[in-house]
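This report concerns only the one structure given below.
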Amino acid sequence: MASKDVLVGVIGGSGLYHLDNLTLVETVNPETPWGYPSSPISICSLPSGAKVAFVARHGKHHNISPSAVPARANIAALKSLGVRAILAFSAVGSLREEIAPGHFAIPTQIIDRTKGVRPASFFEGTGAVAHAAFGDPFSLKLVRWLETEVEKALVAEGRGVVLHKDKCIVCMEGPQFSTRAESIMYRAWGGDLINMSVLPEAKLAREAELGYALIATATDYDSWRPHSEAVTASQVFQTLQANANTSRHVAASILEDLHLAALQGDLLSEEKGSMSLSIMPRSGDQKEEDIQKLAYILSAYFQPAGIAN
Ligand SMILES: CSC[C@H]1O[C@H](OP(=O)(O)O)[C@H](O)[C@@H]1O
Ligand SMILES: Nc1ncnc2[nH]cnc12
C-alpha cells in the first residue's frame, strides 16, 4: 500500500485515462469494503516529489458504463491512500449557447436525474443512518481556488479555452442521451451543463469528508437546439481529445500548488469533521461488521473493537 502522503486524487473521465508530465511511482489496487476501484490507481510524483493519485472513472479501456462505475470503491480507495481533495474531470453537454464545445466550466450546483440504480451512500446496507449536508454539493473553497488557478492555466496554454463559473450541472442516468424534450426541460429548470457521472461521486466524497470539485469540459450542445442535430457519441468524440489534452495541461499546471494548499489545510476546512453532525446519534450502537466497514472511510466516528483511539 502506498504511504499516506498522497493528498490529492484525480478522477479522469471520458477521454482522460492518464495524466502527463508525472513520474509513475507505483500502481495500487486496494480492495475496499465496496469492492475494487474502476481501475488500478496510479500513484505519480510531481516534479517536487509530492504525490498524486489518478483513477480512470470508466476504467483504462473505458469498459465501465456510467451507471456501473464503482463510485464508492473509487472514493474509499482514494481516501485509504490519504487523499483529502479530489479533482474530478468530466466530459459534459452544454445546455447554454454561450458554453461552446471546447469550453471548460467549474459548476457549483447539481440537479439529480439519476434513477436510483446507483448505490449512493456508504451507509447503505449498514445499520447506521447519516444525512450529509449537500446544499452546496461541491467544496466551495476548493472551487474558488480552482477558478483562479484553472483560468491562469488556460490563459498560459494559449488556445483561448474559456472557463465558465457558478454553473449548474444536471446528472442524468444514461447511457442513452436525453430526448429533445428533456434537454429543453433541463434548461427551464436552470441547468447549464449535463453529464452522467457527477453523482453519486460528489455525494460520496461529502460522506467521506473529502474536498471535491469538478472540471467540466464541454463536448456538445446536447439536444435542445431546435435546428441542430441532437447529440451523438460521434459529436462528443470530435472534441474529446482536444479537451483531454487541455485537461492534462491544466492538471500539470495546478497539481503542485493544489498539493501545497491541501497540505496547509485551510482549503479543506469545510470538509473536516462535517459528518460529525450528520450521523444519527443512536447510530453509534452498531454491529461490529458495520463499524469495520465504515471505519474504512470515517475512522473518526467508527472504531472497531480492540483498536485504541
Ligand atoms: C462519452 S459521452 C457520455 C459520457 O461522458 C461523460 O463521462 P465522464 O463524466 O466520465 O467524462 C458523461 O458523464 C457520460 O458518462
Ligand atoms: N450531452 C451529454 N449528455 C450527457 N452526458 C454527456 N457527456 C458529454 N455530453 C453529454
Side-chain angles (χ1 to χ4, degrees), residues 9-19 37-39 54-71 74-75 86-97 99-107 110-115 117-118 137-138 164 167-187 189 191-205 212-225 228-248 250-251:
V10 177
I11 300 181
S14 298
L16 189 64
Y17 309 109
H18 64 90
L19 295 176
S38 298
S39 64
F54 177 86
V55 60
R57 184 184 288 121
H58 303 279
K60 297 252 188 234
H61 305 286
H62 205 123
N63 52 328
I64 306 173
S65 81
S67 307
V69 169
N74 290 347
I75 299 295
I86 294 179
L87 182 57
F89 285 87
S90 172
V92 307
S94 165
L95 299 171
R96 301 287 157 193
E97 194 63 48
I99 308 176
H103 287 189
F104 279 30
I106 303 180
I110 306 178
I111 293 174
D112 188 355
R113 282 278 297 166
T114 62
K115 300 284 171 71
V117 297
R118 310 174 183 198
F138 298 100
H164 299 269
K167 298 299 170 199
C168 174
I169 185 162
V170 176
C171 186
M172 59 172 294
E173 190 58 56
Q176 300 83 1
F177 290 115
S178 307
T179 63
R180 287 186 189 272
E182 287 164 340
S183 195
I184 290 165
M185 178 181 75
Y186 297 146
R187 279 165 51 82
W189 285 359
D192 303 303
L193 311 161
I194 182 161
N195 83 350
M196 305 177 191
S197 316
V198 71
L199 295 176
E201 223 170 68
K203 289 184 175 174
L204 296 166
Y212 178 90
L214 188 79
I215 301 193
T217 66
T219 50
D220 55 270
Y221 273 119
D222 202 46
S223 302
W224 54 272
R225 284 164 125 208
S228 299
E229 208 193 326
V231 62
T232 61
S234 84
Q235 252 182 42
V236 170
F237 297 145
Q238 284 169 27
T239 335
L240 210 55
Q241 212 39 59
N243 284 356
N245 289 339
T246 300
S247 300
R248 277 188 276 272
V250 166

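Start at 1 with the first residue, then count along the sequence. Ligands are counted one by one from 1 in listed order, and the atoms in each one are counted from 1 as well.
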Quiz item: Val117 and Glu173: side-chain contact (heavy atoms from CB on, under 4.5 Å), yes or no, with the steps?
Solution: CA-CA 9 Å; Val117 297; Glu173 190 58 56; 3.4 Å; yes

Quiz item: Any idea how Phe138 and Tyr212 line up, ring-wise: parallel (<30°), tilted (30 to 60°), or perpendicular (>60°)?
Solution: parallel

Exercise. Might you list the protein residues in contact with ligand 1, defined as having a heavy atom under 4.0 Å from one of its atoms, sorted by chain and number?
Key: Gly13, Ser14, Arg57, His58, Pro66, Ser90, Ala91, Phe177, Asn195, Met196, Ser197, Val236

Quiz item: Which atoms of ligand 2 sit under 4.0 Å from any heavy atom of Thr219?
Solution: 8 (C), 9 (N)

Quiz item: Would a distance-only check, ignoring hydrogens and angles, find a side-chain to backbone donor-acceptor pair under 3.5 Å from Arg113 to Met196?
Solution: no

Quiz prompt | Criterion side-chain contact (heavy atoms from CB on, under 4.5 Å) on Ile215 and Leu87, from CA distance to verdict | solution = CA-CA 7 Å; Ile215 301 193; Leu87 182 57; 3.7 Å; yes

Practice problem: Starting from atom 10 (C) of ligand 2, find the nearest protein heavy-atom neighbour and note its residue, name and distance. | Solution: Gly93 N, 3.4 Å

Practice problem: Just need the protein heavy atom nearest to atom 6 (C) of ligand 2, so name the residue and atom and give the distance. | Solution: Ile194 O, 3.7 Å

Quiz item: Does Ser38 offer a backbone N or O that forms a donor-acceptor pair with the side chain of Arg57 under 3.5 Å?
Solution: no

Quiz item: For Ser178 and Asp222, what are the C-alpha separation, side-chain angles and deciding distance, and is it a side-chain contact (heavy atoms from CB on, under 4.5 Å)?
Solution: CA-CA 8 Å; Ser178 307; Asp222 202 46; 4.0 Å; yes

Quiz item: Going by the atom numbers of ligand 2, which of them fall below 4.0 Å from some non-hydrogen atom of Met172?
Solution: 4 (C)

Exercise. Quick one: look up the protein heavy atom nearest atom 7 (N) of ligand 2 and list residue, atom name and how far away it is.
Key: Ala91 O, 3.0 Å

Self-check item: Ser94 side chain vs Tyr221 backbone, donor-acceptor pair below 3.5 Å
Solution: no

Practice problem: Output all residues satisfying side chain to side chain contact (heavy atoms under 4.5 Å, CB included) with Ala91, sequence neighbours left out; order by chain, then residue number. | Solution: Ser14, Thr217, Thr219, Leu240

Quiz prompt | Per-atom contacts, ligand 2 versus Asp222 - under 4.0 Å to a heavy atom | solution = 1 (N), 2 (C), 3 (N)

Quiz prompt | Nearest heavy-atom neighbours spanning Ala218 and Asn243 | solution = O-ND2, 2.9 Å

Quiz item: Can you find an N or O of Phe177 that's nearer than 3.5 Å to an N or O of ligand 2?
Solution: no

Exercise. Look up atom CH2 in Trp224 and atom CG in Leu95, then write down how far apart they are to the nearest 0.5 Å.
Key: 8.0 Å

Exercise. List the closest protein heavy-atom neighbour of atom 5 (N) of ligand 2: residue, atom name, distance to the nearest 0.1 Å.
Key: Asn195 CA, 3.4 Å

Quiz item: What residue and atom, counting heavy atoms only, is the protein's closest point to atom 9 (N) of ligand 2, and at what distance?
Solution: Asp220 OD1, 2.7 Å

